[in-house]
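Nothing here was measured: the structure is a model prediction, and the numbers come from that model. Residue numbers count from 1 along this sequence.
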Amino acid sequence: MSMLEVKDLHVSYGAIKAVQGISFEMEQGETVALIGSNGAGKSTTLRTISGLEKAKSGSIVFQGQELTKLKPHQIVELGIAHVPEGRRVFARMSVDENLRMGANIIKDRAQIKQDLERVYDIFPRLRERMKQQAGTLSGGEQQMLALGRALMTNGSLLMMLDEPSMGLAPIIVEEVFKIIRQINESGTSILLIEQNAFLALTTASHAYVLETGKITMQGKSSDLLADKRVKDAYL
């Protein structure tokens with residue numbers, strides 16, 4: 001059984017069909033990328049998995065459990081963390097307070113302390129700035145904070161990342177993606193949306209191409225990198 005299996009998913013905003021019958025799956029420990037142009041339905045797919053949008057029809061199964069009838073907080077409790085586009089940190093709260101907000105479903109204080117140490121080990125820059133207001137951090141540091149906050153949610157078996165490179169300088173993007181690969185290597189599965197298709201395909205092992213709410217191509221990332229249609233459209 002796959003860790004995550006999406007079957008014939010349909011999502012609409014009124015008369016607009018944002019996602020039109022897509023199906024895909026991913027295995028435990030895998031990094032999977034969804035690529036496509038703006039409006040292809042990528043962000044809507046992530047928002048539906050995390051319960052922020054309701055599916056019109058179809059199925060989303062995570063570790064054997066159907067998600068489409070669950071509320072967002074119940075989905076987080078299962079170990080799914082969503083890092084939305086634009087980072088969305090709590091600007092007036094400190095770095096440490098932001099991280100602890102990610103652990104608000106965890107009651108075990110010892111577990112919270114252990115998870116905090118893990119995050120600070122992964123992101124030493126956040127440890128240096130733990131008392132600093134999140135709104136005063138650089139864009140790259142805010143992205144690290146958003147990733148760290150996601151890791152605080154119930155072990156984060158699956159982390160969904162929406163455009164983690166957006167607005168960041170190339171050298172910072174390289175640093176952020178190095179950390180994303182490190183998070184994946186430590187056992188967290190990654191479902192990635194990324195505007196930089198080359199970066200997405202060199203990070204993920206498998207990828208799906210979305211066009212106007214439908215999956216038009218799929219396969220190993222290395223195969224898609226070499227495909228002329230992908231090169232012409234996205235690279």
Side-chain angles (χ1 to χ4, degrees), residues 1-86 88 105 150 153-164 166 184 188-195 197 200-201 203-221 223-224 227 229-230 233-234:
M1 181 186 295
S2 300
M3 180 190 201
L4 177 72
E5 191 169 2
V6 176
K7 286 186 178 179
D8 196 25
L9 184 66
H10 291 258
V11 187
S12 298
Y13 300 112
I16 299 172
K17 297 178 180 179
V19 175
Q20 303 182 57
I22 69 170
S23 298
F24 67 92
E25 58 187 51
M26 61 185 296
E27 303 298 331
Q28 171 71 44
E30 192 176 21
T31 295
V32 170
L34 304 180
I35 64 173
S37 59
N38 288 338
K42 306 184 303 297
S43 293
T44 297
T45 299
L46 294 200
R47 288 176 59 83
T48 307
I49 293 170
S50 63
L52 298 173
E53 303 292 345
K54 289 299 179 185
K56 184 177 181 181
S57 63
S59 173
I60 303 169
V61 177
F62 177 70
Q63 293 192 322
Q65 183 160 352
E66 176 64 50
L67 302 185
T68 54
K69 304 302 181 185
L70 299 183
K71 295 180 179 179
H73 75 272
Q74 294 173 312
I75 293 171
V76 170
E77 288 170 358
L78 294 176
I80 298 179
H82 185 177
V83 181
E85 181 182 335
R88 300 186 190 179
I105 62 171
T153 58
N154 198 31
S156 296
L157 300 175
L158 170 63
M159 186 181 291
M160 302 191 297
L161 308 179
D162 195 342
E163 304 284 14
M166 182 173 284
N184 176 239
T188 298
S189 304
I190 305 286
L191 181 56
L192 171 68
I193 292 175
E194 174 50 52
Q195 59 184 343
L201 292 173
T203 300
S205 58
H206 202 94
Y208 296 83
V209 178
L210 270 70
E211 295 178 10
T212 58
K214 299 177 181 178
I215 291 174
T216 56
M217 297 178 66
Q218 62 176 290
K220 290 181 179 179
S221 296
D223 293 340
L224 292 178
D227 191 291
R229 293 167 295 174
V230 175
Y234 304 109

Side-chain heavy-atom pair Leu70, Gln65 within 4.5 angstrom cut-off: yes
Donor-acceptor under 3.5 Å (Lys42 side chain, Ser37 main chain): yes
Donor-acceptor contact below 3.5 Å, side chain Ser221 vs main chain Ala204: yes
OG1 on Thr212 to NZ on Lys214, rounded to 0.5 Å: 6.0 Å
Nearest non-hydrogen partners of Tyr208 and Gln218, listed with the distance: CE2-OE1, 3.3 Å
Sub-4.5 Å side-chain heavy-atom contact between Leu52 and His82: yes
Distance-minimising heavy-atom pair for Val32 and Met26: CG2-CB, 3.5 Å
Expected output: side-chain Ser189 to main-chain Gln28 donor-acceptor under 3.5 Å: no
Side chain proximity check, Val209 to Tyr234, heavy atoms < 4.5 angstrom: yes
Heavy-atom side-chain proximity of Leu157 to Phe62 below 4.5 angstrom: yes
Lys54 atom NZ, neighbour heavy-atom count above 12 within 6.0 Å: yes
Closest heavy-atom pair and its distance - Gly51, Pro72: O-CG, 3.4 Å
Phe24 vs His206 side-chain heavy atoms within contact, under 4.5 Å: no
Nearest heavy-atom neighbours spanning Ile80 and Leu67: CD1-CD1, 3.7 Å
Distance, nearest 0.5 Å, that separates CG of Leu4 from CE of Met160: 8.5 Å
Close side-chain approach of Glu53 to Val19, heavy-atom, < 4.5 Å: no
Heavy-atom closest pair, residues Ile22 and Val6: O-CG1, 3.9 Å
Leu158/Met3 under side chain to side chain contact (heavy atoms under 4.5 Å, CB included): CA gap, chis, key distance, verdict: CA-CA 9 Å; Leu158 170 63; Met3 180 190 201; 4.2 Å; yes
Side chain to side chain contact (heavy atoms under 4.5 Å, CB included), paired with Leu191, selected from Leu161, Thr31, Leu34: Leu34
Test item: Glu163 side-chain N/O and Gln195 main-chain N/O as donor-acceptor pair under 3.5 Å: yes
Any donor-acceptor N or O pair under 3.5 Å, side chains Ser59, Glu66: yes
Pro164 and its side chain to side chain contact (heavy atoms under 4.5 Å, CB included) partner, picked from Leu192, Val83, Ile193, Ile190: Leu192
Considering all heavy atoms, the nearest Ala81-Thr153 contact: CB-OG1, 3.4 Å
Under the side chain to side chain donor-acceptor pair (under 3.5 Å) test, residues paired with Ser43 that sit two or more places apart: Asp162
CD-CD distance between Glu27 and Glu5, expressed to the nearest 0.5 angstrom: 9.0 Å
From Lys71 atom NZ to Glu77 atom CD, the distance as rounded to the nearest 0.5 Å: 11.5 Å
Min side-chain heavy-atom separation Met217-Val230 under 4.5 Å: yes
Interatomic spacing from CD in Gln74 to NZ in Lys69 - rounded to 0.5 Å: 13.0 Å
